[in-house]
Amino acid sequence: MTNRRSVLGAATTLASTVAFNGLLGRKGVAQTIVKGETRVAHSTPDIVYHNGRITTLDRGKPLASAVAVKDGRFVAVGSDSEVLPLADATTQVVDLHGRQVLPGLFDNHTHVVRGGLNYNLELRWDGVRSLADAMDMLRRQVAITPAPQWVRVIGGFTEHQFVEKRLPTIAEINAVAPDTPVFLLHLYDRALLNGAALRAVGYNKETPAPPGGEIIRDAKGNPTGLLVARPNAMILYATLAKGPKLPLDYQVNSTRHFMRELNRLGITGVIDAGGGFQNYPDDYAVVQKLADENQMTIRLAYNLFTQKPKEEKEDFLKWTGSVKYKQGNDYFRHNGAGEMLVFSAADFEDFRQPRPELAPEMEGELEEVVRVLAQNDWPWRLHATYDETISRALDAFEKVNEDIPLRGINWFFDHAETISDKSIDRIAELGGGIAVQHRMAYQGEYFVERYGAKAAEATPPIAKILDRGVKVSAGTDATRVASYNPWVSLSWMITGKTVGGLRLYPQHNLLDRETALRMWTENVAWFSNEEGKRGRIQEGHYADFIVPSKDFFAVPEDDISFLTSHLTVVGGRVVYADDQFAPLDNNPLPPAMPDWSPTRLFKGYGAWGEPEAAGKNSLQAYRYQAIASCGCASACGLHGHDHARAWASKAPTSDLQGFFGALGCSCWAV
């Protein structure tokens with residue numbers, strides 16, 4: 001958090017910058033740097049960052065203390081004595097105060113375009129560790145949300161993250177929101193609607209059973225408020241789509257705030273995997289506007305996701321004729337097709353339900369679409385949870401490969417939780433890749449319940465995929481089936497634990513910290529066809545880097561998921577700064593719109609906007625570990641399971657009867 005001392009420290013840094021520049025005079029060194037296919041010519045850098053402990057991920061120069069940036073790219077990486085002399089009086093010089101520096105994190109699969117349109121409407125339970133806190137957030141948000149708006153909690157969390165290990169009941173939701181519609185989406189397995197929400201969407205006794213889902217009813221046939229994704233999540237998507245939407249200028253504001261939240265967590269780039277009810281180009285207008293106005297604070301490569309069952313080939317024929325692969329710029333550009341190529345190939349990832357059996361026409365429909373893409377040199381990505389889906393899709397890909405070689409087209413599978421050794425080898429033979437996400441961190445308990453702990457030990461087998469030389473990288477699949485927090489993904493790959501604390505993986509399927517970091521940086525570049533341009537702190541690469549809140553390589557494993565960024569730089573520009581770097585922030589934002597937006601009060605992951613209220617159980621690793629390990633029979637109504645907080649407080653305990661009666665606190669009796 002920013003305090004007076006950190007502000008004064010940063011102000012001193014800025015003052016010394018001016019003095020340093022004056023001493024240097026004009027000593028810029030003209031040079032040309034060649035790395036792979038990237039050639040950068042420069043005379044004087046725009047900005048120099050020095051006095052850091054820089055992990056470059058460049059195997060030829062793994063460590064450095066300073067970097068120089070010109071026109072958004074690194075033009076020099078080395079020691080202070082090597083880099084500082086490149087500056088002259090026009091160069092900004094920033095002291096990194098000896099802090100650790102890492103390459104910017106790059107999410108291989110997320111839904112920022114869709115998420116940004118709605119971010120300011122959503123109450124985020126991502127990272128909230130207590131259901132009591134989550135319900136208090138809901139109650140407070142209901143109190144300020146005007147009719148006819150909804151309060152929405154849209155994914156990014158699991159019941160297992162709560163110390164109570166459960167979801168709220170519909171009765172509990174109705175108690176805090178008798179008149180305001182509440183829609184709560186839990187992963188892609190169910191949604192909870194209160195009575196007001198049922199009235200708003202028009203679900204009643206006469207509503208017919210919808211295709212692709214189930215409306216749970218009471219003995220009289222009335223909807224209870226529970227929607228179940230059985231056999232798929234179509235009812236969840238369709239019901240959510242009935243809610244009010246933000247006007248365009250509010251959507252722009254919302255998207256900027258979402259990007260800011262990603263920057264706060266160290267994300268400098270994403271690949272957007274499209275999504276249902278997300279039409280191109282209409283729903284991309286907001287990000288296009290931000291790109292046109294140079295307001296992008298993350299680099300975004302987008303894939304086009306078909307929206308029309310049985311008309312998928314027509315979609316891609318139209319798009320390949322009107323959209324040029326890679327069209328756009330370094331901040332917003334096209335990245336190919338998917339993750340939905342044909343609806344018949346979609347294997348729904350709800351581990352509470354049996355594995356879906358795909359239609360017999362899947363291979364033929366998929367082959368037609370892939371043939372169109374390969375003919376136009378468009379890469380593609382394909383959502384595939386189960387090996388049964390992957391093996392059948394590979395049958396179609398191999399048929400296309402007989403006529404059009406696929407090697408060199410950067411195509412890949414997404415997710416691949418149960419992929420087999422044979423399928424890995426077939427992907428390698430065709431030159432494809434595998435993009436994994438941390439969905440098992442949120443659904444691991446359900447997978448184990450259905451398939452057993454042994455089956456869960458390699459879901460997916462990341463270490464084996466790496467050993468076999470197949471292109472593989474990491475991401476989140478945010479914002480519905482998992483959170484957007486990259487550190488949760490890194491923690492999952494390193495510790496093998498779910499967010500609920502269940503250890504899924506044996507040691508041989510875990511990654512060391514450097515390998516996990518590469519999964520989030522240099523490895524992702526292949527999936528956006530930008531190898532040699534990004535992912536390392538290296539001459540010629542985009543100048544994207546972060547200063548984590550603590551040393552990633554030194555913090556205890558269980559603290560990794562609690563990391564944030566204190567300085568996030570994209571293209572050399574500071575887009576987020578906190579702590580001692582706060583005065584450097586070059587990304588001012590107007591307040592979240594509308595004025596009742598949950599983003600104004602709670603901010604984002606773990607309710608970080610309220611570190612001593614809604615976020616009190618969520619933002620400190622050691623407190624959470626104590627709460628999670630609490631063995632008492634029931635939570636205290638005031639403090640949840642955070643008894644240590646109560647014991648350490650200066651409570652007026654001279655009158656215990658009055659104290660307990662006033663506050664309902666049972667911590668003292670534990």
Side-chain angles (χ1 to χ4, degrees), residues 9-104 268 294 299 330-331 521-522 530 532-547 565-577 580-581 583-587:
T12 302
T13 297
L14 296 179
S16 65
T17 294
V18 174
F20 180 82
N21 287 340
L23 287 172
L24 278 178
R26 300 190 62 84
K27 294 184 180 179
V29 179
Q31 56 184 303
T32 299
I33 298 169
V34 179
K35 283 286 182 181
E37 297 180 356
T38 301
R39 181 180 297 268
V40 180
H42 71 94
S43 53
T44 302
D46 301 319
I47 187 166
V48 166
Y49 295 89
H50 73 105
N51 187 27
R53 294 183 294 110
I54 302 173
T55 298
T56 68
L57 296 185
D58 175 2
R59 289 179 169 84
K61 187 187 292 183
L63 300 174
S65 64
V67 295
V69 178
K70 178 74 172 179
D71 297 330
R73 294 178 184 260
F74 295 118
V75 293
V77 178
S79 65
D80 283 18
S81 61
E82 292 170 326
V83 176
L84 282 171
L86 301 178
D88 71 4
T90 67
T91 304
Q92 182 184 3
V93 180
V94 175
D95 187 348
L96 295 169
H97 297 286
R99 296 283 296 274
Q100 181 187 63
V101 178
L102 304 175
T268 60
N294 296 318
R299 303 183 192 274
D330 292 342
Y331 285 85
T521 52
E522 68 170 2
E530 294 176 291
K533 293 183 178 180
R534 66 189 304 171
R536 298 187 293 273
I537 297 176
Q538 180 176 323
E539 290 91 343
H541 280 227
Y542 299 147
D544 303 344
F545 65 88
I546 64 172
V547 174
S565 176
H566 280 170
L567 182 70
T568 302
V569 175
V570 179
R573 173 194 169 198
V574 175
V575 296
Y576 179 83
Q580 66 197 115
F581 301 108
L584 299 174
D585 200 329
N586 192 28
N587 182 30

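In what follows, every heavy atom counts, from backbone to side chain, and hydrogens, waters and symmetry copies are set aside.
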Please name the pair of heavy atoms, one in [X] and one in [Y], separated by the smallest distance, quoted to 0.1 Å.
X    : Y    : answer
P45  : A68  : CB-CB, 3.8 Å
A64  : G78  : CB-O, 3.4 Å
R573 : N294 : NH1-O, 4.2 Å
V574 : L567 : CG1-CD1, 3.7 Å
A87  : V93  : CB-CG2, 4.2 Å
L96  : Y49  : CD1-CB, 3.9 Å

Taking C-beta and beyond as the side chain, do [X] and [Y] meet within less than 4.5 Å on heavy atoms?
X    : Y    : answer
V75  : V69  : no
L84  : L86  : no
H50  : V83  : no
I537 : V101 : yes
D544 : V569 : no
V570 : Y331 : yes

Between [atom1] on residue [X] and [atom2] on residue [Y], distance to nearest 0.5 Å:
X    : Y    : atom1 : atom2 : value
Y576 : N587 : OH    : CG    : 10.5 Å
Q92  : D46  : CD    : CG    : 9.5 Å
H541 : E530 : NE2   : CD    : 10.5 Å
T521 : F545 : OG1   : CZ    : 15.0 Å

Looking at R59 and E522, is there a salt bridge between them, counting it only when a charged N and a carboxylate O are closer than 4.0 Å? yes

Is the closest basic N to carboxylate O distance between D58 and R536 below 4.0 Å? no

So does [Y] get a backbone contact from the side chain of [X], meaning a donor-acceptor N/O pair under 3.5 Å?
X    : Y   : result
E539 : V77 : yes
K61  : T56 : no
D80  : N51 : yes

For I54, run the side-chain contact (heavy atoms from CB on, under 4.5 Å) check against L102, V67, V547 and tell me which one passes. V67

Does the side-chain contact (heavy atoms from CB on, under 4.5 Å) test come out yes or no for D330 and R73, once each step is laid out? CA-CA 11 Å; D330 292 342; R73 294 178 184 260; 4.1 Å; yes

Take R534 and R299 through the test side-chain contact (heavy atoms from CB on, under 4.5 Å) and record every step on the way to the result. CA-CA 11 Å; R534 66 189 304 171; R299 303 183 192 274; 3.7 Å; yes

Will you find, in the side chains of H566 and R99, an N or O donor that is under 3.5 Å from an N or O acceptor? yes

Assess the residue pair V94 and I47 against the criterion (side-chain contact (heavy atoms from CB on, under 4.5 Å)); give the C-alpha distance rounded to whole Å, side-chain angles, the decisive distance to 0.1 Å, and a yes or no. CA-CA 8 Å; V94 175; I47 187 166; 4.0 Å; yes

Going by the rule ring pair (Phe, Tyr, Trp, His ring centres under 6.0 Å), which residues pair with Y542 if we only count those two or more places apart in sequence or in a different chain? none

